[in-house]
Structures are given as C-alpha cells and as structure tokens.
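This report refers to the structure that appears directly beneath it.
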There are 2 protein chains.
Amino acid sequence: MASIKDVAAEAGVSVATVSRVLNDHPSVSADARTRVLAAVEALGYRPNAVARSLRTDQTRTLGLVISDVLNPYFTELARSVEEEARALGYSVIIGNADERPDLQDHHVRTLLDRRIDGLLVSPTDGGSPLMLDAARAGTPMVFVDRWIPGVDVPVVRADGRAAVRDLVAHLHALGHRRLAIIAGPAATTTGSERVEAFREALAEYGIPLPEAYIGQGDFQAESGRRVTEGFLDLPEPPEVVFAADNLMALGALDAVRARGLRVPEDLALAAFDDIRWFVHTDPPITAIAQPTGELGRAAVRALVDRIEGREPRSVTLPARLVVRRSCGEQPASPEPDPVQNRSTS
Amino acid sequence: MASIKDVAAEAGVSVATVSRVLNDHPSVSADARTRVLAAVEALGYRPNAVARSLRTDQTRTLGLVISDVLNPYFTELARSVEEEARALGYSVIIGNADERPDLQDHHVRTLLDRRIDGLLVSPTDGGSPLMLDAARAGTPMVFVDRWIPGVDVPVVRADGRAAVRDLVAHLHALGHRRLAIIAGPAATTTGSERVEAFREALAEYGIPLPEAYIGQGDFQAESGRRVTEGFLDLPEPPEVVFAADNLMALGALDAVRARGLRVPEDLALAAFDDIRWFVHTDPPITAIAQPTGELGRAAVRALVDRIEGREPRSVTLPARLVVRRSCGEQPASPEPDPVQNRSTS
DNA sequence: CCGGTTCATGGAATCGATTACATCGGCGTG
DNA sequence: CACGCCGATGTAATCGATTCCATGAACCGG
C-alpha cells in the first residue's frame with residue numbers, strides 16, 4: 001500500500017508538503033498542490049489512519065458498548081449513535097456485551113487499548129473496576145439508557161415514571177388488580193428503576209406488589225419465559241404481567257402460548273420498550289416507547305462535547321405509553337401509520 | 001497514559017525487555033520478568049494497540065459491512081461473526097450500510113483506512129469500484145449472504161432453492177395458484193436469486209409468474225408495504241405474497257392491516273428469513289430459515305484462513321422451510337420449543 | 001584454562017504520519 | 001537600496017510500540 005513517502009516521491013516534493021496538502025494547510029503553492037493531488041490520484045493513496053492516530057493522539061472514533069445486539073432497542077440505539085457520530089466526523093465501534101459483565105469488560109478493554117476518543121456505555125452491571133478506573137482516569141465517557149450511580153459521568157436516558165403511571169392507570173381502569181412484573185437484573189438501573197416506578201404507581205391505587213409478583217429476569221427472552229411460568233404456577237396467578245423489556249415480553253408470550261392460554265383473556269401483557277413487531281403480534285402489545293433515536297443522538301452530542309472540551313450535559317427524555325390490545329381493551333382508534341419513518345441523513 | 005518507556009524506567013530495564021516480557025519472548029530472566037510485570041501492574045499499563053499495529057502492520061481486526069442493522073437477520077449474523085472472531089483472537093468493526101451504496105462505500109473506505117486485516121461484506125449493490133479495487137489489490141475479503149459475481153472472492157451463503165421449492169409445493173397443496181413475490185433490489189444477488197428460485201419452482205407446477213406479480217422492493221419495510229398495496233389494487237390480486245426478506249414481510253403485514261384485510265384469508269404471506277417474532281405474529285408467519293449463526297462463523301473462518309495464509313473456501317449451506325399458519329393451514333404439530341437456544345461461547 | 005555457544009539485555013532503526021523549526025527567495029517600504 | 005517580513009518548502013523529531021544486531025556474561029567441553 002502506498003505511503004506518504006511514495007506520494008512525495010511521485011510528486012517531487014517532501015512528505016511535509018504532501019501532508020500539508022492533505023490537511024489543507026494554507027501555505028502550499030497551487031503548483032505543489034496540483035502535483036500532490038495528481039500523485040495521490042495516480043497511486044490511489046489513502047492516508048494510514050493508524051499512523052495518523054499515533055501521531056495526533058486522536059482516533060476520531062467513539063466506542064459504544066451495548067448490552068445486547070439482539071435486542072431491537074439497542075440496535076436502534078446503535079443506529080442513531082452511528083448516524084449522529086458520522087455527522088460529527090466520528091466513527092463508532094460497537095461492542096456487544098450480551099448482558100455479560102465479563103464480555104462488557106472485554107470490550108471496554110479492547111476499546112481503551114485502541115485509544116478511542118470516547119466511550120458510550122449502557123452498563124450491564126454495577127460497574128467493573130475497569131470502567132470505574134477509566135472514568136476516573138478521565139476517559140471521556142457518557143452513559144446511555146442505563147447508568148452507574150455515584151460516578152461522575154453524564155447520563156442520557158429516558159424517564160419512564162410517567163409512562164408507567166399511565167400504564168398502571170390503564171390497567172386499573174380495565175379492572176386489573178393483580179399486577180406482576182418481570183424485572184431486569186437488580187444491578188442495572190433500568191432493572192431496579194422500572195420496578196420502583198411500577199411499585200409507586202401501584203401504591204397510588206392502593207395496590208400492593210407482593211414479592212411473589214416480582215419475577216427476577218435478566219433482560220433475555222428465556223428468563224421472561226421462566227418467570228412467566230412461575231407466575232402461572234402460583235396459587236393465585238397475576239392478571240397482568242409487565243415485562244421490563246421487549247425480549248422478556250417475547251419469552252412471556254412463549255410461555256403463555258406453550259400452555260395454550262390466551263392474551264389478554266388469561267393473562268394480560270405489557271412491555272417496556274416498543275418495537276415495530278408489537279403492532280402485529282397476537283394480540284398487539286401495549287408498550288412503553290422510548291425516544292430511542294433522540295437518546296442516541298443526544299448521547300453522542302454529550303460525548304463529543306466532552307471530547308472537544310465543552311461541558312457535557314446529562315439528558316432525560318420522557319417515555320410514553322402506547323396502548324394496544326394486550327391488556328384487554330380495543331384502543332379507541334387504530335394506530336395511524338404503523339410504518340415508522342426512518343430518517344436517512 | 002503510561003507508555004512502554006514509563007514501564008521500562010519503573011522496572012529499571014530497557015523498552016526492549018519490556019516488550020519481550022509482554023510478548024513472552026523466551027529469553028528474559030525471571031528477575032526481569034517479575035520486575036516488569038510489577039511495573040506494569042503499578043502503572044496500570046496497557047499496550048497502545050495503535051502503535052503496535054503501526055509497527056507490526058496488523059490490527060487483528062476484521063471489518064464487517066452489513067446491509068441493515070435494523071434487520072434481525074443481519075444482527076444475528078453480526079453477533080455470530082463477532083463471537084467466532086473473538087474466539088480466534090480478532091475484533092470486529094461493524095459498518096451499517098442501511099442498504100445504501102454510498103454508505104457502504106463510506107464504511108469500506110474507513111475500514112480500509114484503519115488497515116483492518118480483512119473484510120466481510122454483504123454487498124448492497126453490484127459492487128463499487130472501491131470494493132472491486134480492494135479485492136483486486138489483495139485485501140483479504142469474503143462475501144457473506146450476498147455476493148458480487150465475477151469477483152474472485154470466497155462466498156459464504158445459504159442456498160434457498162430447495163426451501164423455496166418446498167414453499168411452493170406447500171402453497172400449491174393449499175390450493176393457491178396466483179402467487180406474487182416482493183423482490184429485493186436486482187443489484188443484489190439475494191434480490192434476483194430468490195425471484196429466480198421462485199419462478200423455477202412455480203414452473204414445475206406450470207404456474208406462470210407474470211410481471212405484475214413481481215414487485216420491486218428494496219429489503220426495507222416501507223417498500224414491502226408499497227408493493228403489497230400495488231398487488232391489492234390489481235384487477236386480479238394474488239392469493240399469496242412471498243416477501244424476499246422479513247422487513248418487507250412486516251411492511252406487507254402493515255398494508256394488509258391498513259385495509260382491514262386478513263392473513264391468510266384475504267392474502268397469504270410467506271417470508272424469506274425467519275425471526276423469532278414470526279411465531280407470535282397474527283397469524284404466525286411461514287418462513288424460510290437460514291442457518292444464520294453457522295453462516296457467520298463459517299465466513300469468519302474463511303476470512304481468517306485467507307488472512308493467515310491458508311486457502312479459504314466458499315461455503316453454501318441449505319436453508320429450510322418453516323411452515324406456520326400465514327398461508328392457510330394449521331401445521332400438523334405445534335412447534336416444539338419456540339425459545340431458540342442462544343449459544344454463550 | 002580457553003574458544004565457542006547460549007542467554008539476557010540494551011541501543012537504535014523502523015512503521016507512516018504530523019509539525020516545529022530552519023532556510024531561502026521575493027517583495028514592499030522607508 | 002537595504003532591511004525585514006512573509007510565504008513556500010524541506011529536514012528532522014516525535015508518537016509507542018517491535019525487532020535486528022551487538023555486547024557481555026556465563027557456561028560447557030576438550
């Protein structure tokens with residue numbers, strides 16, 4: 001592969017001049033510029049990003065560590081992150097933690113070794129020493145969706161409290177009184193927060209949330225299925241199950257189906273995180289929708305602010321309830337247009 | 001951030017010795033080794049991958065350019081690719097082309113600039129000069145799922161011919177005679193191949209495939225919707241629509257629903273690419289399942305073979321038909337266990 | 001006891017860029 | 001006309017690793 005030296009030789013100038021042309025430094029003669037450009041063209045030269053990064057100590061790359069690529073929520077997040085980063089002149093390297101702290105650490109480590117300019121994380125757990133050290137050592141970092149308490153890192157997330165309240169109101173209006181939740185891992189903020197929001201909303205209606213109605217999941221489908229089966233085996237099974245993410249809702253659906261039961265007649269179902277398929281499931285699933293794209297973009301902006309020396313800000317956006325039929329009632333009007341628009345920056 | 005020099009100073013040895021310890025070169029005294037390791041520990045030193053790559057001319061990184069991250073098929077592919085690569089000691093950088101040739105080029109270019117060791121591509125189009133040049137210039141490269149004819153690059157893909165034949169047999173047995181297809185872009189192999197396989201299978205039953213029954217999609221949901229509406233507006237609409245990927249099937253579902261029609265009574269539906277949600281849609285969707293994980297792993301192995309100087313081989317794996325209810329018949333026995341196992345290497 | 005291995009180690013070149021500093025010619029101004 | 005400044009260019013240092021080569025010590029066998 002041709003290097004800057006080859007270009008310099010071909011153009012009959014020094015490497016310094018070539019570099020100046022490439023980084024359009026002002027003092028280069030028009031003549032030199034044309035010759036260099038011609039040589040670049042002739043040799044098909046492309047600057048070596050590795051060498052450049054070593055010298056300039058910046059990679060113009062952001063690392064994104066997400067909890068699970070198979071979860072459509074994170075996939076959409078990743079897409080918007082990459083889009084905004086690209087607009088700002090950065091690349092993104094994605095690491096998939098698969099909800100496993102050890103894998104998360106693996107990716108954080110390799111990303112750090114590559115000297116990425118900043119890190120976007122949706123932590124799988126309470127925070128490994130590695131990540132904490134990196135944050136303390138001053139690696140530009142922003143948490144998105146989930147975060148780790150007690151660390152001085154900006155957080156970009158959605159607040160589901162109001163939407164959960166709306167959901168509980170909806171369920172209560174439908175006559176449901178025995179409400180259960182499939183929680184995420186307690187080590188994640190979204191794991192515990194959603195349970196808390198649910199409990200508080202129930203309290204407003206004087207409805208208790210017994211231990212037996214709090215199932216411990218891990219944000220993966222299989223756990224949703226297992227927990228739901230446990231619920232169904234209870235002497236007094238719940239009337240409604242609220243899954244803390246869409247994958248566990250899928251697992252719940254699997255469990256219900258395996259028993260030959262029906263949603264919502266035998267068990268109502270709602271989920272945190274809305275995805276397109278929820279419109280077409282049997283029945284369509286009531287869900288709490290996050291402004292995912294906005295979150296991704298805001299997170300990138302915050303991180304780039306931090307990297308480029310500006311003051312980054314935490315951002316909290318509201319989530320909203322999308323009522324469908326999985327809890328028992330036909331919504332008043334059909335959804336306007338189920339095909340979401342995809343921006344194509 | 002501490003560099004190898006700092007470690008050398010701390011340990012009272014030269015950088016050469018530090019490097020030897022780190023790459024466990026045989027001739028280092030036990031004493032020097034302990035002192036270096038202690039210094040590494042004390043300083044929290046991590047080798048700079050950028051510098052190492054510059055010197056060794058290898059990044060131990062693979063590039064993966066996929067057509068669309070929002071498509072669960074590619075997401076699963078990406079996951080298995082990363083998994084296998086990690087097992088072989090490589091990292092993966094994913095580029096999402098969003099089915100846009102310009103974006104695909106953008107990612108290929110940045111990956112090449114980063115001097116990745118090899119490239120895995122599922123081309124969005126017939127092949128840009130950039131990609132063709134890279135292949136000719138000797139960049140280790142493997143096509144996965146889709147490929148570009150006439151280029152000497154190994155291909156790892158699934159052959160859907162037999163499964164499409166099974167599908168047509170199934171549809172024919174159900175009495176359907178007017179069969180339409182929503183094709184992918186003709187520039188992609190999967191776009192044209194699936195139509196060809198469908199046409200050939202139909203021919204075996206003496207069923208024609210009129211132009212009007214070939215809708216031109218682009219593998220995105222919106223196109224599936226548009227094409228399906230066109231089909232429904234035909235004087236003689238088809239009885240079955242076969243979508244060449246899962247996203248266009250989603251769009252088709254949207255279109256059917258918007259008209260207040262029902263699947264399969266008013267229009268039967270089948271899709272290429274099976275996804276977990278198809279079990280729970282209304283109705284469950286008949287689909288052709290690819291061995292996605294196996295494809296990803298085989299692709300990585302082929303690419304790494306090429307990188308490490310061994311002879312890479314093209315691989316073709318069979319796809320299989322999964323019958324559900326969307327074409328009209330209740331399958332004989334329910335699916336055994338809808339929760340797929342996820343390997344957790 | 002001596003010549004030749006072998007082993008441990010350090011010095012320095014190198015990868016491909018960027019950039020500080022030096023140099024040189026030309027031009028404007030007093 | 002001379003001085004100083006500015007614009008264009010080149011030389012060389014530098015980033016953080018790896019690795020070739022030289023050096024010196026220790027050790028072995030004859």
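Hydrogens, waters and symmetry mates are skipped; everything else that's a heavy atom, side chains included, is used. Naming: A, B, ... by sequence-line order, numbering from 1 per chain.
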field: Qualifying residue, where the test is side chain to side chain contact (heavy atoms under 4.5 Å, CB included) with A:S19 and the options are A:L22, A:T17, A:N23
entry: A:N23
- request: Give the C-alpha distance, both sets of side-chain angles, the deciding distance and a yes or no for side chain to side chain donor-acceptor pair (under 3.5 Å) between A:T61 and A:S91.
  value: CA-CA 5 Å; A:T61 301; A:S91 300; 4.8 Å; no
With a 4.0 Å cutoff (strictly under), does any side-chain N or O of [X] reach OP1 or OP2 of [N]?
X: B:T56; N: C:dC15; value: no
X: A:T17; N: D:dG10; value: yes
X: A:S14; N: D:dT11; value: no

- prompt: Does a donor on one side chain sit under 3.5 Å from an acceptor on the other, for B:T124 and B:R100?
  reply: no
task: Check if the side chain of A:R115 and the base of D:dG16 share a donor-acceptor pair of N or O atoms closer than 3.5 Å.
output: no
query: Do the side chain of A:R55 and the base of D:dT14 come within less than 3.5 angstrom through a donor-acceptor pair of N or O atoms?
result: yes
- request: Decide, yes or no, whether a salt bridge links B:R297 with B:E76 under the criterion of side-chain N to carboxylate O below 4.0 Å.
  value: no
Output the single nucleotide from [options] whose closest atom is nearest the side chain of [X].
X: B:S27; options: D:dT18, D:dA17, C:dC7; value: C:dC7
X: A:K5; options: C:dA8, C:dC15, D:dG10; value: C:dC15
X: A:N48; options: C:dA17, D:dT9, C:dG11; value: C:dA17
X: B:V15; options: C:dG10, C:dT19, D:dT18; value: D:dT18

NA contact type, [X], heavy-atom cut-off 4.0 Å: base, sugar-phosphate, or nothing?
X: B:S19; answer: base
X: B:A32; answer: sugar-phosphate
X: B:V13; answer: sugar-phosphate

field: Any pair counted as salt bridge (charged side-chain N to carboxylate O under 4.0 Å, His left out), so long as it reaches residues 109-131 of chain B, sequence neighbours left out
entry: A:R46-B:D113
Rounding to an integer number of Å, can you tell me how far [X] [atom1] sits from [N] [atom2]?
X: B:D57; N: D:dA17; atom1: CG; atom2: P; answer: 18 Å
X: A:I4; N: D:dG10; atom1: CD1; atom2: P; answer: 12 Å
X: A:R114; N: D:dA17; atom1: CZ; atom2: P; answer: 15 Å
X: A:L54; N: C:dT18; atom1: CG; atom2: P; answer: 11 Å
X: A:D24; N: C:dT19; atom1: CG; atom2: C1'; answer: 15 Å
X: A:N23; N: C:dT19; atom1: CG; atom2: C1'; answer: 10 Å
X: B:D31; N: D:dA25; atom1: CG; atom2: C1'; answer: 15 Å
X: B:Q58; N: C:dG16; atom1: CD; atom2: C1'; answer: 17 Å

query: When you match B:A51 and B:H25 each to their closest nucleotide on DNA chain C, which lands nearer the 5' end?
result: B:H25
